[in-house]
2 protein chains.
Amino acid sequence: MRPLFHPSIDDVRLEAILHALSDPVRVAIFVDIAGAPCAQTCQAFASVGDRAIPKSSLSQHFKVLREAGLIRSERQGVEMRNTSRCPEIQQRFPGLIPAIIEAHRIEAAAKAA
Amino acid sequence: MRPLFHPSIDDVRLEAILHALSDPVRVAIFVDIAGAPCAQTCQAFASVGDRAIPKSSLSQHFKVLREAGLIRSERQGVEMRNTSRCPEIQQRFPGLIPAIIEAHRIEAAAKAA
DNA sequence: TTCAATAGTTCCGATTTCCTGAACTATTGG
DNA sequence: CCAATAGTTCAGGAAATCGGAACTATTGAA
């Protein structure tokens, strides 16, 4: 299994971030990880909303988020600990991630009503 | 030719906005339209940067931007006047578009250096 | 009115990307 | 060593994207 690739913050592209977060499953995963007080495993997202996600798809989604520079994944025993890279991204693209998270929250709130 | 569809602002989805702007040609077009003092035609973007865009592709790109709710297109004689819907989007997703435009600017500045 | 020119749209086949079941790798506990 | 758990990789079929060619719409001129 090849080691996981994480781009250096200077190589993070806006295009990749927007693409990664333009998928409903990925944005839900990312918002959750960004808001969580501690690292999240992949299988914590075996279902997103009421939709079950096959684990091969889940693995691909995490890869997209990782390679976009949005999260960092580290193996810890049998599982993977995923944390957001928000602080780094905030340095590179100030306000971008908070605005997206807020927009996601607004939409979720509107749907719930 | 079917009339152009513009979503009502309440139907604008974050997912669609991020997807629309996750393409380098589209984000360049959008940033330009958003920053322009007056409406822009489609063929003003017959080339983006140094890359020529076939007009069928250009038409598709404008359709994606339009249906995501990012721009409004109105026929004016033989051409199409495209304007951004930034003020409306600002109401729905405050700060989202400015943050993306700023990130795009940062990246363009870094590439130029 | 007819014709030519311009600006975009639509169609459709080729390429690319995305999705996911099946097989595989890695780690741990018993 | 084995079984169980967590995740990755591979491969094929499905879906999205690209772009040339044909089409539509509008205008101005003859």
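Chain letters run A, B, ... following the sequence lines, proteins first, then strands; residues in each count from 1.
The salt bridge (Lys or Arg N to Asp or Glu O under 4.0 Å) contacts involving residues 68-77 of chain B comprise B:R72-B:E88, where partners must be two or more places apart or lie in separate chains. For residues 97-113 of chain A, the set of pairs meeting the side chain to side chain donor-acceptor pair (under 3.5 Å) definition, not counting sequence neighbours, comprises A:E102-A:R105, A:E107-B:R13.
In this structure, the side chains of B:I9 and B:R85 come closer than 4.5 Å at one or more pairs of heavy atoms. The closest side-chain heavy-atom distance from B:L70 to B:S84 is not below 4.5 Å. Looking at heavy atoms from C-beta onward, A:L14 lies in side-chain contact with A:L96 at the 4.5 angstrom threshold. When side chains are defined from C-beta on, A:D23 does not count as touching B:E15, because their heavy atoms never get closer than 4.5 Å.
The nearest whole Å value for the distance from the CE atom in B:M80 to the C1' atom in C:dT9 is 8 Å. In this structure, B:Q43 places its CD atom 16 Å from P of D:dT27, rounding to the nearest Å. Computed from coordinates, the A:K63 NZ to C:dC19 C1' distance equals 14 Å when rounded to whole Å. B:L65 has its CG atom 12 Å from the P atom of D:dT17, to the nearest Å. In this structure, A:E74 atom CD and D:dG7 atom P are separated by 14 Å, rounded to whole Å. One interatomic measurement links the two molecules: CG of B:D23 to C1' of D:dC18, which rounds to 11 Å at whole-angstrom precision. Distance CD (B:E67) to P (C:dG8): 17 Å, rounded to an integer number of Å. Between the C1' atom of D:dG7 and the CG atom of A:L4 lies a distance of 9 Å, rounded to the nearest Å.
Taking the salt bridge (Lys or Arg N to Asp or Glu O under 4.0 Å) definition, one finds that B:E79 meets it with B:R81, sequence neighbours left out. Under the side chain to side chain contact (heavy atoms under 4.5 Å, CB included) criterion, A:P98 pairs with A:Q90, not counting sequence neighbours. Partners of B:E67 under the salt bridge (Lys or Arg N to Asp or Glu O under 4.0 Å) rule, at least two apart in sequence or in another chain, do not exist in this structure.
A close approach under 4.0 Å does occur between a side-chain nitrogen or oxygen of B:S59 and OP1 or OP2 of C:dT9. Contact between the side-chain N/O atoms of A:H19 and the OP1/OP2 oxygens of C:dC18 is found at a separation under 4.0 Å.
One end of the helix from C:dT1-D:dA30 to C:dG30-D:dC1 points its axis 10° away from the other end's axis, with each axis taken from 5 pairs and the angle rounded to 10°.
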What string of B, S and - do you get for nucleotides 20-30 of chain C, 5' to 3', if B is base contact, S is sugar-phosphate-only contact and - is no contact with any protein heavy atom under 4.0 Å?
BBB--BSBS--

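Contacts between residues 32-42 of chain B and DNA chain C, defined by a heavy-atom separation below 4.0 Å, involve B:T41, B:C42, listed by number.
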Show me the side-chain donor-acceptor pairs of residues 46-66 of chain A shorter than 3.5 Å, one per line, residues at least two apart or across chains.
from	atom 1	to	atom 2	distance (Å)
A:H61	ND1	A:R26	NH1	3.3
A:R66	NH1	A:S73	OG	3.3

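Within 4.0 Å (heavy atoms only), A:R66 reaches sugar-phosphate atoms of the nucleic acid but no base atom.
The hydrophobic cluster containing A:L4, built from Ile/Leu/Val/Met/Phe/Trp/Tyr side-chain heavy atoms closer than 4.5 Å, also comprises A:M80.
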